[in-house]
Amino acid sequence: MPEWLKTAIFYEIYPQSFKDSNGDGIGDFNGIIEKLDYIKDLGCNAIWMNPCYDSPFKDAGYDVRDYKKVAERYGTIEDLKRLFAEVHRRGMHILLDLVPGHTSEEHEWFAQSGKNEVNEYSNRYIWTDSWFQRAEGFPYIAGERERDGAYIINYFKCQPALNYGFLNPKEQWQKPIEHPDCLATRAAMVDVMCYWLKMGCDGFRVDMADSLVKGDDEVKSGTCRVWSDIIQQVQAKYPNAALVSEWNNPASAIGMAGFQMDFFLDWFGNGYNLLMRDYDKTGRDDSFFKKESKRSITNFLEEYLPKYEAIRNKGLYCLITGNHDMIRAAHNLDERELKLAYAFLFTMPGAPFIYYGDEIGMRYQNLPCKEGGYTRTGSRTPMQWDGSLNYGFSEAEQSSLYLPVDMEEGAPTVEAQQKNADSLYHTVRELLRVRKEQTAFSAHDNLNILFAQKGRRGFAYQRGNLIFMCNPSKSVEKLPVDLTEYEQIFAVGGGTKENGGYTLDAQSFVICRK
Ligand code: NOJ
């Protein structure tokens with residue numbers, strides 16, 4: 001694992017909405033450069049930027065038309081190179097977003113693949129042998145191309161699946177993983193990765209990393225085999241390339257495929273979801289960090305711990321404040337609840353990821369779909385920098401902004417929160433400072449749960465010489481944690497040491513050091 005990953009704190013940038021430097025209403029590379037000092041000062045030392053390649057933007061850029069060209073809306077390749085250089089000049093690192101499972105239907109490979117005559121790209125995508133032959137068990141489309149066949153899609157209709165083969169081919173048209181044409185797809189992806197690493201990026205966040213091989217088994221052994229080969233090839237040339245997978249199965253992603261990091265993703269009702277979102281179709285919300293919640297941290301730990309243990313000494317299982325696919329955290333939690341939730345996320349093992357704007361509690365907005373965002377659109381609105389026009393995001397007319405800014409009263413801004421010592425922004429900044437200063441927080445194999453019990457709201461864990469304790473509830477909680485030899489180094493709220501225990505005030509967390 002590259003050394004810098006061990007202490008990495010990531011900031012995710014949705015480039016459309018971060019900072020518009022040329023007044024056209026959409027964010028760009030030069031805008032990001034302008035704000036690098038802000039990101040660094042907040043305490044982050046690494047960036048993940050969502051796709052910035054040439055695309056028809058039917059899925060916000062996750063529909064790549066040309067892997068080696070940048071989207072004009074964000075600037076030129078020279079601007080991107082300058083972004084890499086400016087990031088590095090500040091001692092920071094940057095990951096691009098790699099979309100290996102599918103392309104846009106407008107990609108040249110797909111144009112070639114859909115032709116009647118056989119060519120180099122005929123098997124770059126997954127086609128059945130005739131237009132009326134269904135691709136059983138997979139979403140597929142027929143009737144769109146000259147070629148007599150139906151093709152599998154990976155996500156939206158605009159995203160035909162690239163062909164990395166089938167684990168156990170059952171039909172004539174299903175190629176084995178080692179088929180030369182599937183190896184050619186692999187080689188093409190290695191080529192794309194090396195192209196950007198050579199240009200100066202430090203690695204990739206990998207989109208739908210588990211989706212490569214079709215007809216795969218439960219642990220995705222086929223996809224793991226393919227990744228392990230791709231990663232070996234890439235790391236032979238770029239040993240320090242950093243890779244984080246969108247997978248949520250570290251035993252496969254880190255243990256078998258060779259990624260160094262994997263995300264704990266938000267899936268309905270899963271351990272992460274119950275912490276901060278816990279929404280279902282009825283609108284009920286019993287998120288653990290809500291003060292009225294009846295939940296215990298065990299709801300999270302039951303899922304987290306086995307996954308963490310599986311890769312304890314091997315890689316990083318990463319917790320996120322949110323991302324471009326999720327409802328913003330501030331939709332469910334108020335400011336105090338967010339402070340507690342973030343304190344937990346930023347003191348756990350794994351590299352933390354902060355979604356832009358979550359540090360000031362940017363709000364989710366109800367918006368119609370933009371570029372395939374659907375319900376995700378409301379989490380992708382322009383960053384709120386200050387009290388000037390469009391909150392300092394852009395000098396464009398309001399009507400030509402990529403997405404509308406938050407027009408409701410009380411919209412948080414960086415400027416206002418910087419002036420208020422009690423703000424969420426300052427708590428985030430302090431927490432990240434503590435994380436950086438206390439080296440036990442950047443060890444990743446030292447999590448020891450001290451107190452977690454069904455039916456109880458408070459919890460505590462130890463990481464080396466540090467103890468983190470939290471009580472998200474409305475009433476005081478006494479935890480059986482002996483802090484005799486410990487001193488408090490950071491807290492929101494507080495508590496009191498008692499014989500052999502610690503009483504935490506309502507809605508408090510405390511970090512102590514031996
Ligand atoms: C996951 C990405 O995060 C999401 O935004 C995208 O729509 C799908 N993968 C398809 O690429």
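Position 1 is the first residue of the sequence; numbering continues from there.
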**Q.** Partner of Phe263 by ring-ring contact (aromatic ring centres under 6.0 Å, His included), out of Trp247, Trp48, Tyr355
**A.** Trp48

Q | Test item: Asp41 side-chain N/O and Asp37 main-chain N/O as donor-acceptor pair under 3.5 Å | A | no

Q | Option among Phe393, Tyr74, Phe29, Trp385 that satisfies the ring-ring contact (aromatic ring centres under 6.0 Å, His included) test with Phe18 | A | Trp385

Q) Do Phe300 and Phe344 make the cut of ring centroids closer than 6.0 angstrom? A) yes

Q. Are Glu359 and Arg429 ion-paired here, with the side-chain N under 4.0 Å from a carboxylate O?
A. no

Q. His324 vs Tyr14 aromatic rings, parallel, tilted or perpendicular, using cut-offs 30° and 60°?
A. parallel

Q) Any salt bridge between Asp445 and Arg312, counting N to O under 4.0 Å? A) no

**Q.** Output field: ring centroids Trp196/Phe204 closer than 6.0 Å
**A.** no

Q.
What verdict does the side chain to side chain donor-acceptor pair (under 3.5 Å) test give for Arg205 and Asn50, after you've listed the backbone C-alpha separation in whole Å, the side-chain angles of each residue and the deciding distance to 0.1 Å?
A. CA-CA 8 Å; Arg205 172 269 186 182; Asn50 294 110; over 6 Å; no

Q. Which of these passes side-chain contact (heavy atoms from CB on, under 4.5 Å) with Ser473: Glu292, Lys294, Gln507, Arg457?
A. Arg457

(Q) Do the side chains of Asp278 and Arg295 get close enough for a salt bridge, i.e. N-O under 4.0 angstrom? (A) yes

Q. For the residue pair Tyr11 and Tyr38, does the interplanar ring angle fall in the parallel (under 30°), tilted (30 to 60°) or perpendicular (over 60°) class?
A. perpendicular

Q. Would a line drawn from the ring center of Phe156 to the ring center of His102 be shorter than 6.0 Å?
A. no

Q. Looking at CG of Leu80 and SG of Cys52, how far apart are the two atoms once the value is rounded to the nearest 0.5 Å?
A. 5.5 Å

Q: If the plane angle is over 60° it's perpendicular, under 30° parallel, otherwise tilted; pick one for Tyr317 and Tyr304.
A: parallel

Q. Quick one: does Pro472's side chain get under 4.5 Å of Glu337's, heavy atoms only?
A. no

Q.
Looking at Glu415 and Gly387, would you say the former's side chain and the latter's main chain have a donor-acceptor pair under 3.5 Å?
A. yes

Q. Once the angle between the rings of Phe468 and Phe459 is folded into 0 to 90°, is it parallel (under 30°), tilted (30 to 60°) or perpendicular (over 60°)?
A. tilted

Q.
Closer than 3.5 angstrom, by distance alone: can the side chain of His426 be matched with the main-chain N or O of Asp422 as a donor-acceptor pair?
A. no

